[in-house]
Colleague: 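Shown below is the structure under consideration.
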Amino acid sequence: MNNQENFLREKLNDYYSTIFEERLIDEIVKVGHFETIKSNKLMIDIGEEMTHIPLILSGIVKIIRKENEKELVLYFLEKGDTVALSFANCINRKRSIFKGVVEQDMEAVFIPVNLIDNWLVNYNSWRTYIIDSYHFRLIEMVESIDSLAFMKMNERLFKYLNDKVKITKDINLEITHQEIADDLNSSRVVITRLLKQLHDEGKIYSTRNKVRVLDF
DNA sequence: ACATTAAGTGATT
DNA sequence: AATCACTTAATGT
């Protein structure tokens with residue numbers, strides 16, 4: 001057993017070792033490679049081939065859908081999450097349908113996709129993990145659809161802020177109106193006005209580059 | 001002090 | 001709810 005493997009084993013210890021069986025951890029340690037990606041770096045873009053999937057150890061990744069230069073944030077990934085790579089994708093073509101941007105410095109163990117299929121049949125804990133993660137992503141997608149279809153911009157904005165607080169575990173968000181507008185595929189002016197409204201309602205407190213969520 | 005970037009606002013669609 | 005056009009405020013150099 002070499003240093004590299006021990007290092008990975010150590011990294012997996014605080015989260016994944018509790019959900020994966022030992023034999024699987026041994027495999028991951030053998031084939032995975034550890035990587036850190038800095039905030040604001042592009043992890044994956046739409047159309048890019050997926051050669052590896054990440055098991056996220058820390059940090060946050062923002063998952064975005066893009067259509068002719070317009071973008072919409074769907075959800076965030078954090079520790080314990082992975083990109084829900086479809087089974088069909090594993091077998092056939094494996095190009096990403098999402099864009100993933102690192103939101104907070106991320107650490108992850110990357111697993112080559114060609115192993116995923118095999119692990120699905122060989123490791124119970126892997127199967128459970130992938131299916132659960134699938135299920136969870138589906139729910140988040142439905143939430144996205146709901147908010148697009150049924151919610152007004154002010155409600156979407158408030159949900160967005162709440163989601164951010166939940167994922168960053170901090171009610172103080174460092175963000176500009178423009179960035180929020182981009183994430184929601186809205187315009188800066190609209191966000192400014194709605195934020196002021198929320199501010200006046202006492203739900204948030206906002207100053208330049210900052211939003212503090214008071215009511216969540 | 002000046003330039004740049006972020007935020008606020010009225011009017012219009 | 002979006003866009004335009006402009007103002008005002010905050011911040012970096």
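Since we're looking at a predicted model, the values are computed, not measured. Labels below follow one simple rule: chain letters A, B, ... track the order of the sequence lines, proteins then strands, and each chain is numbered from 1.
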Colleague: Tell me whether A/Asp45 is salt-bridged to A/Lys66, with the criterion being a basic N under 4.0 Å from an acidic carboxylate O.
Modeller: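 Salt bridge between A/Asp45 and A/Lys66, a charged N being under 4.0 Å from a carboxylate O: yes.
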Colleague: CG of A/Leu184 versus P of C/dA1: gap in Å, rounded?
Modeller: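 Value for this atom pair: 11 Å.
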Colleague: Which nucleotide sits closest to the side chain of A/His177: C/dA2, B/dT9, B/dG8?
Modeller: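 The listed nucleotide nearest to A/His177's side chain is B/dG8.
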Colleague: Which of the following nucleotides, B/dA7, C/dA1, B/dT9, is nearest to the side chain of A/Arg193?
Modeller: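 Looking only at side-chain atoms, A/Arg193 lies closest to B/dT9.
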Colleague: Determine the contact category for A/Ser187: base if any of its heavy atoms lies under 4.0 Å from a base atom, sugar-phosphate if only primed atoms, P, OP1 or OP2 are that close, otherwise nothing.
Modeller: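 A/Ser187: base contact, heavy atoms under 4.0 Å.
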Colleague: Among all residues two or more places apart in sequence or in another chain, which pass the side chain to side chain donor-acceptor pair (under 3.5 Å) test with A/Arg127?
Modeller: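 By the side chain to side chain donor-acceptor pair (under 3.5 Å) rule, A/Arg127 matches A/Asn124.
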Colleague: Do you see a donor-acceptor pair shorter than 3.5 Å between the side chains of A/Ser125 and A/Glu21?
Modeller: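 Judged by distance alone, the side chains do pair up.
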Colleague: What is the distance, to the nearest angstrom, from the CG atom on A/Leu195 to the P atom on B/dA7?
Modeller: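 Going from CG in A/Leu195 over to P in B/dA7 covers 9 Å.
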Colleague: Within the distance-only criterion (no hydrogens, no angle test), does the side chain of A/Tyr160 pair as donor or acceptor with the backbone N or O of A/Glu155 below 3.5 angstrom?
Modeller: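 No: the side chain of A/Tyr160 does not pair with the backbone of A/Glu155.
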Colleague: Do A/Glu27 and A/Tyr123 have side-chain atoms, one donor and one acceptor, less than 3.5 Å apart?
Modeller: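 Yes, side-chain donor-acceptor contact under 3.5 Å.
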Colleague: Could you state the atom-to-atom distance from CZ of A/Arg188 to C1' of C/dC6 in whole Å?
Modeller: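 Rounding to the nearest Å, CZ of A/Arg188 and C1' of C/dC6 are 11 Å apart.
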Colleague: How close or far is atom C1' of B/dA7 from atom CG of A/Leu157, stated in whole angstroms?
Modeller: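 About 15 Å, once rounded to whole Å.
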Colleague: CD1 of A/Ile180 versus P of C/dA2: gap in Å, rounded?
Modeller: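 About 14 Å, once rounded to whole Å.
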Colleague: C/dA2 P sits how many Å from A/Asn185 CG, rounded?
Modeller: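 Taking atom P of C/dA2 as the reference, CG of A/Asn185 is at 8 Å.
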Colleague: Whole Å only: how far is the CE atom of A/Met153 from the P atom of C/dA2?
Modeller: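 One finds 6 Å between P of C/dA2 and CE of A/Met153, rounded.
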Colleague: At a heavy-atom distance below 4.0 Å, what parts of residues 196-216 of chain A sit against DNA chain B?
Modeller: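 Contacting residues: A/Lys196, A/Arg208, A/Asn209.
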Colleague: Rounded to whole angstroms, how far apart are CG on A/Leu148 and C1' on C/dA1?
Modeller: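 Rounded to the whole Å, the gap is 14 Å.
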Colleague: Would you give me the side-chain donor-acceptor pairs under 3.5 Å for residues 30-39 of chain A, sequence neighbours excluded?
Modeller:
residue : atom : partner  : partner atom : Å
A/His33 : NE2  : A/Glu35  : OE1          : 3.3
A/Ser39 : OG   : A/Glu103 : O            : 3.0

Colleague: Do A/Ile53 and A/Ile97 land in one hydrophobic cluster if side-chain heavy atoms of ILVMFWY residues count as linked below 4.5 Å?
Modeller: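 Yes, because A/Ile53 and A/Ile97 connect within a single hydrophobic cluster, where side-chain heavy atoms sit under 4.5 Å apart.
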